[in-house]
Amino acid sequence: MARAERLLELIQVLRRHRHPVAGQTLADELGISLRTVYRDIQTLVGQGAAIDGEAGIGFVLPPLMFTDEEIEALVLGLRWVKQADAPLARAAVNVLAKVGAVLPDDLRDSIEGVGLLAAAAHAADPIDLAPLREAIRAEHRIIIDYADAKGERTRRTVWPIAIGFFDRARVLAAWCEMRSDYRHFRTDRIAKLRLTGRRYPQRRRALMRAWREREGIPEQM
């Protein structure tokens, strides 16, 4: 298990325990040494995690607390994401369940009672967006068969950098090798998508920065 993954798993284990848990118990659940547990806790505390306790007594992570507006923002956002492709929809459900599992009872009831709904308005995509999101993460070229507004089809090799989710459409932002420039492709007009497994020559972060500057798009959290 990579260290970053282990630190995240340690946080999750602490979240599952509502009362102080001994270091050895944490070590047994994670399959690591007690010394490693203490070292990882020190690292997490140094990064800002609010872990209470000490060796020989036990450790506890106070429950998450949200304002009413924060709960509404979280639930509305996740309900909207559930309209995306199937893997993202499942991830949204899982996130909401994980958050609800570590909240106090009164806040858990607040999540279930949020009265904000997300209505689906975009057209269905002929392609699965999950492989496209995978290509964006991996910084891989893809090949698409694309039809423009006039119905004219072209085959493009592009470097995907982002997907914009709008009310009535989803749009892929990418560097197009055919045009040697940034282009935008509505995902409902992509008839076919093929993964190449080949990295594009620039880092996506640099491409994103140049694209944002060109389009006048501010940074998003």
From CA spacing to verdict: side chain to side chain contact (heavy atoms under 4.5 Å, CB included), I127, L129: CA-CA 6 Å; I127 61 167; L129 293 186; 4.2 Å; yes
Checking one residue: [X]. Which other hydrophobic residues are in its cluster under the side-chain 4.5 Å linking rule?
{"X": "L117", "answer": "none"}
{"X": "V81", "answer": "L88"}
{"X": "W211", "answer": "W159, I161, W175, Y182, Y200, L207, M208, I217"}

Give the minimum heavy-atom separation between [X] and [Y], together with the two atoms involved.
{"X": "G56", "Y": "Y38", "answer": "N-OH, 4.1 Å"}
{"X": "I11", "Y": "A49", "answer": "CD1-CB, 4.3 Å"}
{"X": "W80", "Y": "F166", "answer": "CZ2-O, 4.3 Å"}
{"X": "A50", "Y": "P62", "answer": "O-CD, 2.8 Å"}
{"X": "P160", "Y": "A174", "answer": "CA-CB, 3.8 Å"}
{"X": "A92", "Y": "K82", "answer": "CB-CG, 3.7 Å"}

More than 12 heavy atoms from other groups under 6.0 Å of CZ on R183: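 Yes, enclosed.
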Residues, nucleotides or ligands: over 12 heavy atoms within 6.0 Å of R205 CZ: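 At most 12 heavy atoms, drawn from other residues, nucleotides or ligands, come within 6.0 Å of this atom.
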Verdict with reasoning, R90 to V93, per side chain to side chain contact (heavy atoms under 4.5 Å, CB included): CA-CA 5 Å; R90 287 194 298 271; V93 172; 5.7 Å; no
Euclidean distance, [Y] [atom2] relative to [X] [atom1], rounded to 0.5 Å:
{"X": "L132", "Y": "I163", "atom1": "CG", "atom2": "CD1", "value": "4.0 Å"}
{"X": "I190", "Y": "R170", "atom1": "CD1", "atom2": "CZ", "value": "11.0 Å"}
{"X": "L7", "Y": "I41", "atom1": "CG", "atom2": "CD1", "value": "10.5 Å"}
{"X": "R155", "Y": "I144", "atom1": "CZ", "atom2": "CD1", "value": "10.5 Å"}
{"X": "L34", "Y": "D28", "atom1": "CG", "atom2": "CG", "value": "9.0 Å"}
{"X": "I143", "Y": "R194", "atom1": "CD1", "atom2": "CZ", "value": "3.5 Å"}

Output all residues satisfying salt bridge (charged side-chain N to carboxylate O under 4.0 Å, His left out) with [X], sequence neighbours left out; order by chain, then residue number.
{"X": "R212", "value": "E219"}
{"X": "E70", "value": "none"}
{"X": "D68", "value": "none"}

Who are the side-chain contact (heavy atoms from CB on, under 4.5 Å) partners of [X], not counting sequence neighbours?
{"X": "L14", "value": "L10, V21, L26, I51, F59, L61"}
{"X": "V114", "value": "I71, E72, V75, R79, L116"}
{"X": "E213", "value": "R209"}

Pairs where residues 131-142 contributes a residue and the test salt bridge (charged side-chain N to carboxylate O under 4.0 Å, His left out) is met, not counting sequence neighbours: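 Found D85-R133, E139-R199, E139-R203, R141-E177.
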Pairs involving residues 37-56, ordered by first then second residue, that meet salt bridge (charged side-chain N to carboxylate O under 4.0 Å, His left out) (sequence neighbours left out):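 For residues 37-56, and leaving out neighbouring residues, the salt bridge (charged side-chain N to carboxylate O under 4.0 Å, His left out) pairs sorted by first residue read R6-D40.
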Salt bridge flag under 4.0 Å for residues D181 and R179: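 Salt bridge absent between D181 and R179.
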L8-V95 co-clustered via ILVMFWY side chain contacts under 4.5 Å: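 No, L8 and V95 fall in different hydrophobic clusters.
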Check against salt bridge (charged side-chain N to carboxylate O under 4.0 Å, His left out), R186 and D188: CA-CA 5 Å; R186 285 181 52 144; D188 57 352; 2.7 Å; yes
side-chain hydrogen bond (donor to acceptor under 3.5 Å, both in side chains) assessment of S33 paired with R35: CA-CA 5 Å; S33 69; R35 181 178 180 181; over 6 Å; no
Side chain to side chain contact (heavy atoms under 4.5 Å, CB included) evaluation trace for I142 with L172: CA-CA 12 Å; I142 60 172; L172 168 67; 4.2 Å; yes
Ring pair (Phe, Tyr, Trp, His ring centres under 6.0 Å): pairs with one or both residues in residues 138-158, sequence neighbours excluded: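 Pairs touching residues 138-158 that pass the test: Y146-F185.
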